[in-house]
Colleague: 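The structure's right below; bear with me while I get my questions together.
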Amino acid sequence: MKLHFSKIAFLALLTTVAISYGQDKKDKKNKTAKIDWAHWTVTVPEENPNKPGKPYSIGYPQILEYANDKIVSKYMYDDPKDRSVVFYAYPSGTTTANSSYSRSELRETMETGSNKANWTFVQGGKMRATYAIEDISKEPDGKYSRVIIAQIHGVLTDEQRELIGQKDNNAPPILKIYWDKGKIRVKTKVLKDLNATYKEMLSEHAWGDDEGRNFKEKIDLNTKFTLEVKVSSGRMEVILNDGESLIYDDIHMSKWNIFENYFKAGNYFQSKNPNSFAKVKIYSLEVSH
């Protein structure tokens, strides 16, 4: 009788452990942001110990262990209180190519582990993300620092790079979305010469910055907000909180069809002042094509 009771007790214990383990996994999952890490690479503002002079980056599957990576975890970490991932950056002096600012930022990888496959506006794409600006420094003039929280970056194919004799595959960013002193600000590119040839348009110098546009809604610190970016042939739309929309469907967007692109999201910090910093939270991030 005692043996029978012990077996029952033992089985009950195993069941309890199994349930608890499953619940722990569920609780852990529920405390993290909704992001499919298989399609992102992160770059942080610290030098890669294996590549002097270049920032540290990891992609899939290493990115799954970002919480345990001694370098990445200083700039990208979970906040289980609100199920977000925090992206922290400051002017560390370690920057990416063609930039003088530091970043803790995700780069879309359509094919897991590879930056070679990207998309055109003709193919189309959509990114939807929920953010909050947790904290950000103030500049000497007393105003908040600026930070870019989302981008669409252009990229040259190998054939285009060889055609213009460029050393890398970098092309201009057609979209930059800022948090700028409580406003969401959108900047895009315009072609300087609308009669430029195909080869001429591939040069970064062929494109200039537009004047930029602000959404009307004010976004305070520690306030959740959602951004959605939709692109199709010759058209780009940015939507804030499923309401106000900024649409770009002019000749410049049509000309941009020659480039391949990828989405970026996170914290591309726009200050070099000592002691400046920004902390950007992402709660969910979804991309489709």
Colleague: Any side-chain donor paired with an acceptor under 3.5 Å for H289 and E108?
Modeller: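 The answer is yes; a qualifying pair exists.
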
Colleague: What distance do M76 atom CE and S104 atom OG have between them, rounded to the nearest 0.5 Å?
Modeller: 7.5 Å

Colleague: Mark yes when over 12 heavy atoms from residues, nucleotides or ligands other than K192 sit less than 6.0 Å from its NZ; otherwise mark no.
Modeller: yes

Colleague: Under 3.5 Å, is there a donor-acceptor pair between the side chain of D79 and the main chain of S84?
Modeller: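 No, D79 side chain to S84 backbone: no donor-acceptor pair under 3.5 Å.
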
Colleague: Let me confirm one number: the CE-CG distance from M201 to N195, rounded to the nearest 0.5 Å.
Modeller: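 With rounding to 0.5 Å, CE (M201) is 10.5 Å from CG (N195).
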
Colleague: Do R103 and T96 have side-chain N/O donor and acceptor atoms under 3.5 Å apart?
Modeller: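 Checked: R103/T96 side chains pair up, N/O donor to acceptor below 3.5 Å.
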
Colleague: Charged N to carboxylate O below 4.0 Å: is that the case for R235 and D250?
Modeller: no

Colleague: Report yes if some heavy atom in the side chain of R161 is under 4.5 Å from a heavy atom in the side chain of L202; otherwise report no.
Modeller: no

Colleague: Which atom pairs, donor and acceptor, lie under 3.5 Å between side-chain atoms of residues 38-50 and protein residues at least two apart or in another chain?
Modeller:
from	atom 1	to	atom 2	distance (Å)
H39	ND1	T109	O	3.0
H39	ND1	M110	O	3.2
T43	OG1	S57	OG	2.7
E46	OE1	K74	NZ	2.8
E46	OE1	Y75	OH	2.7
E46	OE2	K74	NZ	3.2
E47	OE2	G53	N	2.7
N48	OD1	N50	N	2.8

Colleague: Quick one: do N115 and Y262 satisfy side chain to side chain donor-acceptor pair (under 3.5 Å)? Show the steps, please.
Modeller: CA-CA 9 Å; N115 291 343; Y262 53 87; over 6 Å; no

Colleague: Could you tell me whether a side-chain N or O of S145 sits under 3.5 Å from a main-chain N or O of S137, the two making a donor and an acceptor?
Modeller: yes

Colleague: Under 6.0 Å between ring centres: does that hold for F263 and W119?
Modeller: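 That pair passes the under 6.0 Å test.
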
Colleague: Working to the nearest 0.5 Å, report the span between CZ of F225 and OG1 of T130.
Modeller: 9.0 Å

Colleague: Side-chain donor-acceptor pair under 3.5 Å between S271 and E139, yes or no?
Modeller: yes

Colleague: Are N273 and P140 side-chain neighbours, meaning at least one heavy-atom pair lies under 4.5 Å?
Modeller: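 Contact flag for N273/P140 side chains = yes.
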
Colleague: Check the pair S276, F269 against side-chain contact (heavy atoms from CB on, under 4.5 Å), reporting the backbone distance first and the verdict last.
Modeller: CA-CA 9 Å; S276 62; F269 191 46; 3.3 Å; yes

Colleague: Over 60° means perpendicular and under 30° means parallel, so classify the ring planes of Y88 and F277, tilted if in between.
Modeller: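 Tilted, since the angle between the ring planes falls between 30° and 60°.
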
Colleague: Report yes or no: does T188 contribute a side-chain atom to a donor-acceptor pair with the main-chain N or O of I174 at less than 3.5 Å?
Modeller: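 Present.
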
Colleague: Does K218 use its side chain to pair, donor to acceptor, with the backbone of K183 at less than 3.5 Å?
Modeller: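 Answer holds: no.
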
Colleague: Nearest 0.5 Å, what's the OG1-CG distance between T226 and L240?
Modeller: 8.5 Å

Colleague: For the CG atom of L156 and the OG atom of S203, what is their distance to the nearest 0.5 Å?
Modeller: 9.5 Å

Colleague: Determine, step by step, whether V85 and W37 satisfy the side-chain contact (heavy atoms from CB on, under 4.5 Å) criterion, reporting the C-alpha distance in whole Å, the side-chain angles of both residues, the deciding distance to 0.1 Å, and the verdict.
Modeller: CA-CA 12 Å; V85 176; W37 296 116; 4.1 Å; yes

Colleague: Are N214 and I184 packed together at the side-chain level, in the sense that at least one heavy-atom pair is separated by less than 4.5 angstrom?
Modeller: no

Colleague: Nearest 0.5 angstrom please: N257 CG to K255 NZ, how far?
Modeller: 10.5 Å

Colleague: Could you please spell out the steps behind the side-chain contact (heavy atoms from CB on, under 4.5 Å) verdict for L221 and I136?
Modeller: CA-CA 8 Å; L221 295 180; I136 193 165; 3.9 Å; yes

Colleague: Does a donor on one side chain and an acceptor on the other come within less than 3.5 Å for Y66 and D78?
Modeller: yes

Colleague: Does this structure show an ion pair linking E105 with K264, if we count only N-O contacts that are shorter than 4.0 Å?
Modeller: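 Judged by the 4.0 Å cut-off on N to carboxylate O distance, E105 and K264 do form a salt bridge.
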
Colleague: With sequence neighbours excluded, what pairs up with Y283 under the ring pair (Phe, Tyr, Trp, His ring centres under 6.0 Å) test?
Modeller: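 Residues passing ring pair (Phe, Tyr, Trp, His ring centres under 6.0 Å) with Y283: none at all.
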
Colleague: Are H252 and M236 side-chain neighbours, meaning at least one heavy-atom pair lies under 4.5 Å?
Modeller: no

Colleague: Would you please test V147 and I149 for side-chain contact (heavy atoms from CB on, under 4.5 Å) and show each step?
Modeller: CA-CA 6 Å; V147 59; I149 58 175; 4.1 Å; yes

Colleague: With a 6.0 Å cut-off (strictly less than), is the heavy-atom count around NZ of K187, excluding the residue itself, greater than 12?
Modeller: yes

Colleague: Are L246 and I251 connected in a single hydrophobic cluster, I mean Ile/Leu/Val/Met/Phe/Trp/Tyr linked by side-chain heavy atoms less than 4.5 Å apart?
Modeller: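 They do share one cluster, since a chain of ILVMFWY contacts under 4.5 Å joins I251 to L246.
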
Colleague: With a cut-off of under 6.0 Å to the ring centre and 45° to the axis, is R213 in cation-pi contact with Y248?
Modeller: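 Because its charged atom sits under 6.0 Å from the ring centre and within 45° of the axis, R213 does stack over Y248.
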
Colleague: For the residue pair D158 / Q160, report whether a side-chain donor-acceptor contact shorter than 3.5 Å exists.
Modeller: no

Colleague: Any ion pair linking E228 and K126 (charged N to carboxylate O, less than 4.0 Å)?
Modeller: yes

Colleague: Within the 4.5 Å heavy-atom criterion, are K199 and I164 side-chain neighbours or not?
Modeller: yes

Colleague: Can you give each donor-acceptor pair under 3.5 Å made by side-chain atoms of residues 175-182, sequence neighbours left out, with the distance rounded to 0.1 Å?
Modeller:
from	atom 1	to	atom 2	distance (Å)
W179	NE1	I219	O	3.0

Colleague: Could D82 and K281 be called an ion pair, given the rule that one side-chain N must be under 4.0 Å from one carboxylate O?
Modeller: yes

Colleague: Looking only at the side chains, is there a donor atom on one of S100 and K272 sitting less than 3.5 Å from an acceptor on the other?
Modeller: yes

Colleague: Return yes if a side-chain donor-acceptor contact under 3.5 Å exists between S245 and E237, otherwise no.
Modeller: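 E237 and S245 do have a side-chain donor-acceptor pair below 3.5 Å.
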
Colleague: Taking NZ in K116 as the centre, count heavy atoms belonging to other residues, nucleotides or ligands within less than 6.0 Å. Is the count above 12?
Modeller: no

Colleague: Search all heavy atoms of S73 against all heavy atoms of A67 and return the closest pair with its distance.
Modeller: CB-O, 3.7 Å

Colleague: Same cluster or not: V280 versus I148, using hydrophobic residues (I, L, V, M, F, W, Y) connected whenever any side-chain heavy atoms lie under 4.5 Å apart?
Modeller: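 No; I148 is not reachable from V280 via cluster members.
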
Colleague: Which heavy atom in F121 sits nearest to a heavy atom in M253, and how many Å separate them?
Modeller: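 So the two residues come closest at CE2-SD, 4.1 Å.
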
Colleague: For the residue pair F259 and W256, does the interplanar ring angle fall in the parallel (under 30°), tilted (30 to 60°) or perpendicular (over 60°) class?
Modeller: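 Answer is tilted, since the angle falls between 30° and 60°.
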
Colleague: Using the rule that Ile, Leu, Val, Met, Phe, Trp and Tyr join whenever any side-chain heavy atoms are under 4.5 Å apart, tell me whether V186 and I133 fall into a single cluster.
Modeller: yes

Colleague: Charged N to carboxylate O below 4.0 Å: is that the case for D209 and K189?
Modeller: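 Yes, D209 and K189 are salt-bridged.
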
Colleague: For D141 and K143, which heavy atoms make the closest approach, and how far apart are they?
Modeller: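 D141 and K143 have their closest heavy atoms at OD1-N, 2.9 Å.
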
Colleague: Would you say the side chain of I258 lies within less than 4.5 Å of the side chain of Y198, judging by non-hydrogen atoms?
Modeller: yes

Colleague: Any side-chain heavy-atom pair from N261 and V155 closer than 4.5 angstrom?
Modeller: no

Colleague: Going hydrophobic residue to hydrophobic residue with side-chain gaps under 4.5 angstrom, can you get from I282 over to L64?
Modeller: yes

Colleague: Find out whether Y131 and L227 are in side-chain contact, i.e. whether some heavy atom of one side chain is under 4.5 Å from a heavy atom of the other.
Modeller: yes

Colleague: What's the shortest heavy-atom distance between A171 and H153, and which atoms?
Modeller: O-CE1, 2.8 Å

Colleague: Decide whether L194 and V190 are clustered together by the hydrophobic rule: side chain heavy atoms of Ile, Leu, Val, Met, Phe, Trp, Tyr closer than 4.5 Å, transitively.
Modeller: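 Hydrophobic grouping puts L194 apart from V190.
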
Colleague: Return the minimal non-hydrogen interatomic distance between G212 and R185, and the atom names on each side.
Modeller: CA-NH2, 3.7 Å

Colleague: Heavy atoms only: give me the nearest P55-T94 pair and the separation to one decimal.
Modeller: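 Residues P55 and T94, closest heavy atoms: CA-CG2, 3.6 Å.
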
Colleague: Is a side-chain donor-acceptor pair under 3.5 Å present for N241 with E217?
Modeller: yes

